[in-house]
Amino acid sequence: MKPYVFTLWSLFFAIPMSAQNQADSTATNWERQLELKEVVVMASRTVVKQAPDRIIYLTKNDQYAKGMNGIEVLDRIPRVSVVNDMVTVAGKSSVKYIIDGHLMEISDEAMALRLKNLQASGIEKIEVLTTPPAKYGANNNVAYISITSKNESLGTRGNIWTNGIIRESFCYQLGGNVSHTTRKVELSADASWNDSKGINDLDRTYIFPYYTKISQRTTNYRNRTFGANGLFKYKFTNTLNAGVILNYYTNRLNSKLFDVTTDRGNVYSSTNYSPSRPDNALTITAFSDWMLDTKGKMLSLTYNYYDKQAQSFSDVTTSANNTDTKLTNTGDNKYHIHSAKLDAILPLKLFKMEAGLAFTYIGNNTALDVRYLENNSWMSDTKQSNAFEYDESTAVAYVSAERNFTNSFFGKLGLRYESTRTKGYQLVKDEESRYSYNHLFPTVNLSWNSHKAGRFTLSYSMGITRPNFNDLNPYKYYTTTSDYVSGNPDLRPSVAHNAEINYSFKGIYAVLYNSYNNDAIGYITRFNNDGSQYTIPENHINSNKTGLYLSYYRSFFGWWNINLGGEFFHTYAKSKLTDYKDADDSSWSGKIEFNTSFILNKQKNLILDMRFSHYFPYHERMIRYKAMSLLGCYLRYNLLNDRLTLTASVTDPFGWNTTKSTAIYNDYKVYTRNDIHASSVSFRISYNFGRDKVNNVYRDTKERESKRAN
C-alpha cells in the first residue's frame, strides 16, 4: 500500500471512533431497547427480490446502505458492478438510467455526478430491467437502471455534498439538490461541479517480423465539468398535468500529451497540447399526461429538443533528427435532435396493453480545419480539412401486452418497428451517401414463480447499435503527426439477439445469458507506407458471448453482510477482414466479486465496506486482455439523526487497476498497457436538510438519441 494512502486512511479511521466516544453520551433508542427487561425480536426485511421482468433492490430495507450516495448503492445490487464510477451489468454491453421516470441522456461522467447527488436515504427502490419493454429504444443488449425516490409529500427537502480526492493532484467535487412540492406545483433542481486532474499512461509495443516499434505516452489532463437539472410541473386537475424539464451540461478539458516513439533506430518526441474549449449540451423536454379514467388508461405526449456544440483544438509537434513537424487540428461540432412521442396505456380486461408512436430527427454538422507549418507560415491542408453534414430521421411504432395468467405465471410480449433514413454529405469532396433500413424488434418475457422453488424467468430481445457521430465523421484527428484516428461514413448499424434465463431464491440470484452481434463495429489499426499509423472503425465482427452469473446475498448477526458474485463465460469473435492473423478468436474466462459490510458500533452509524473484484484473462472482439484486480475500502459515519454523513475511502491502494492487452494482426503484434492512476484517497461530507418525506420528482423525457453525440 502506498504510504500516503495508509497514513491518511488511518488518520480518518481514528476520527469517527474518537467522536463516537466523546459526543454520544446520551443513550440512543437502540441502546434503550437493550436495557428493557424483555426480548426484542427484529424481523429481517427483503432487500433484493426478482420480479417477472426485473431485479428490484429495496434501498429503504438495506441498513448497510445508510449514508451512501446513488452510485455507491448501485454496487450493492446483484449483477451490477461499479469501477471508477463506471457502472456495468453482467451480460450487458451498455447501461441507461431512469430517475423517477426521467431518462437521463447525458455523458457517463455527468451521469456519475448526477448519481452522487442522490442519497440512499431518499431512494425508495432501484430496478434493473435487463430486457427493456418495447416502449424504449431498441438499443443493443442494454440494461435500464430505474431509480425511484421515496413517496413525496408537501414541503421542501434538499442535500448538499462535497468530495475531495487525493491522487498525484488534489481534485474535488461538489453538488446539491432541492425540491419543493405544493398541491399544484412541483419544483426541483440540482447542480454538480467537478474539477479533476489526472495522469494516463499508455505504453504500446509493436512487434514486426524484422523490427520493434515502441511508443511510451503520458497524458496530463484537467477536466472541469458542470451539470444542472431543473423541473417545473403543474397539476391542472387530478387527471391532467404538464411540465418542462431542463438539463444543461458543460465541460472544459485541458490536456497535454507527451509521446516518445522508437522506430527502427529513430527516436520521435511528440507533444499534443489541447487547451480547453467549450463543450456544451442542452436538453429541453415538454410533457403532458392525461389520465382518461380510474382504471389506469393514460395518454402521454412528450417533445424533446437536444442541442450540443463542441469545439476542439490541438497543437501537435513531433521532433526527430533536429527537425520539427507541426500541425494543428481545429474542430467544430454541432448536433441538433428533435423528437416527439405519443404513449398510451390501456388496461384491458384480458391484458394490459401499451402502444405508442414516435419520430426523431437528427442533424449533425461538423467541420475540421487541419493546418501545417511550412517556412514559418501556417498552411491549410486542403486534402484533410473538410465539412461533414449528416441527417437522420427515424419513425417508430410499438405495442406490448402483458398478463398474469395465474398467481405464478406471467407473460409479456412486445413489438417495435423502426424505419430510418440517413444522408451524409462531404462538402469539400462533394460526396453524398444515402442509406435506409427498416427493422422489427420483438421482445418476449415469461416468468414462473413458486414459493418453494423460487422464480424462473425466460426472456428474449432484439436490438440495434447505431454508429455514434464521431465514428461517422471522415476526419483525421492527430495525436502525433504520424498517429491519427479517423471516422468512417460508410458504417452501418449492427443487429444483436439477446436471451436470458433468470433464477432467484432466498438470496441466490443466477442468470444464464447469450448475446449474438452481427456485423458489429470494431477498431482497426493500420500502417501507411511512410510508417505512420491510423485507427479506423469498420463493420467487420460477428461476436457471441455466453455466460453464467451467480450471486449470493446474506446478512449475519445483524452487523455483517456479504454479497458474493461470480461469472463464467465464453466469448467468440469472427472478423471478415484480412488484417488479423486468426479470423476466429474464442476464449473461456470469468470474474469473482466480493462485497462485505460491517456495522462497527452499537448505534449502527459507523459502517465499513470492503469491495474486491478479480477479472481473469479474457478475449473480446479480437483483443486479448490480461487479468486485473480491484480493491476498495470505505468508512461511513452518520451523525445528527443521519442528516450528516462523513465518508472516507481508499481505492486501488496497490495499483492493480491497470489494463493490459494484446492484438495479433497479420503483419504485427501490439502489446498495450494502460494505467489510469486510479489509486486515491477521498473524503466526502454530505448533509440532508428539510422534511424527511419529500423527494425530487422527475419525468421520462422519452429522448433516446443524444447518447450518440457524447
Side-chain angles (χ1 to χ4, degrees), residues 93-94 105-108 137-140 142 277 279 281 306-312 314 329-339 360-370 383-396 418-439 463-479 484-496 517-526 534-541 575-577 621 703-710:
S93 58
S94 61
E105 287 287 358
I106 55 180
S107 68
D108 292 334
N139 298 286
N140 173 29
V142 63
R277 290 291 187 269
D279 187 349
Y306 176 82
D307 177 88
K308 180 174 181 179
Q309 300 187 27
Q311 300 177 8
S312 62
S314 296
N329 288 304
T330 303
D332 188 10
N333 307 308
K334 298 178 181 179
Y335 311 101
H336 303 280
I337 301 175
H338 298 268
S339 65
T360 300
Y361 170 79
I362 301 173
N364 173 21
N365 299 314
T366 305
L368 179 68
D369 182 30
V370 179
K383 294 182 179 180
Q384 301 190 64
S385 300
N386 203 344
F388 180 65
E389 298 177 357
Y390 177 82
D391 296 324
E392 178 181 300
S393 60
T394 301
V396 175
E418 296 188 2
S419 177
T420 302
R421 303 291 182 268
T422 70
K423 182 179 73 172
Y425 177 66
Q426 296 185 51
L427 183 63
V428 174
K429 296 182 180 181
D430 193 26
E431 294 180 354
E432 182 178 284
S433 60
R434 293 177 179 267
Y435 184 57
S436 63
Y437 51 92
N438 306 300
H439 284 291
I464 187 171
T465 300
R466 294 181 172 90
N468 64 52
F469 300 144
N470 289 332
D471 284 345
L472 288 168
N473 292 338
Y475 300 146
K476 299 178 181 179
Y477 290 93
Y478 287 86
T479 53
Y484 62 87
V485 177
S486 177
N488 181 359
D490 296 325
L491 290 178
R492 297 293 178 259
S494 60
V495 176
N517 202 336
N518 181 59
D519 210 20
I521 297 173
Y523 296 88
I524 306 294
T525 298
R526 298 186 175 117
Y534 65 96
T535 302
I536 187 171
E538 291 197 20
N539 294 97
H540 71 97
I541 295 177
S575 174
K576 66 181 182 182
L577 300 177
R621 297 196 175 187
E703 201 273 312
R704 311 287 183 248
E705 300 297 334
S706 61
K707 186 77 170 180
R708 298 167 61 196
N710 296 323

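For this chain, numbers begin at 1 and follow the sequence in order.
The side chain to side chain donor-acceptor pair (under 3.5 Å) search around Tyr435 returns none, not counting sequence neighbours. Every residue meeting the salt bridge (Lys or Arg N to Asp or Glu O under 4.0 Å) condition with Asp519, not counting sequence neighbours, appears here in chain and number order: Lys576. Listed by chain and residue number, Pro275, Gln311, Phe313 satisfy the side-chain contact (heavy atoms from CB on, under 4.5 Å) test with Arg277 (two or more places apart in sequence, or in another chain). In this view, Ser486 satisfies the side chain to side chain donor-acceptor pair (under 3.5 Å) rule with no residue, not counting sequence neighbours. His336 meets the side-chain contact (heavy atoms from CB on, under 4.5 Å) test with Tyr305, Asp307, Lys334; sequence neighbours excluded. Residues that satisfy the side-chain contact (heavy atoms from CB on, under 4.5 Å) test with Ser93, not counting sequence neighbours, are Asn140, Asn141. Residues meeting the salt bridge (Lys or Arg N to Asp or Glu O under 4.0 Å) test with Asp332, sequence neighbours left out: none. Annotation: ring-ring contact (aromatic ring centres under 6.0 Å, His included) contacts of Tyr534 (sequence neighbours excluded): Tyr484. Thr420 meets the side-chain contact (heavy atoms from CB on, under 4.5 Å) test with Glu392, Thr394, Thr422, Tyr437, Arg466; sequence neighbours excluded. Scanning for side chain to side chain donor-acceptor pair (under 3.5 Å) contacts around Asn365 gives an empty result, with sequence neighbours left out. With sequence neighbours excluded, no residue forms a side chain to side chain donor-acceptor pair (under 3.5 Å) with Asn329.
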Using atom types as modelled, flag every donor-acceptor pair under 3.5 Å from a side chain in residues 487-494 to any protein atom, sequence neighbours excluded.
unit_1	atom_1	unit_2	atom_2	d
Asn488	OD1	Asp490	N	3.0
Asn488	ND2	Pro537	O	3.0
Arg492	NH1	Asp490	O	3.3

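Between Asn473 atom CG and Glu389 atom CD the span is 11.5 Å, to the nearest 0.5 Å.
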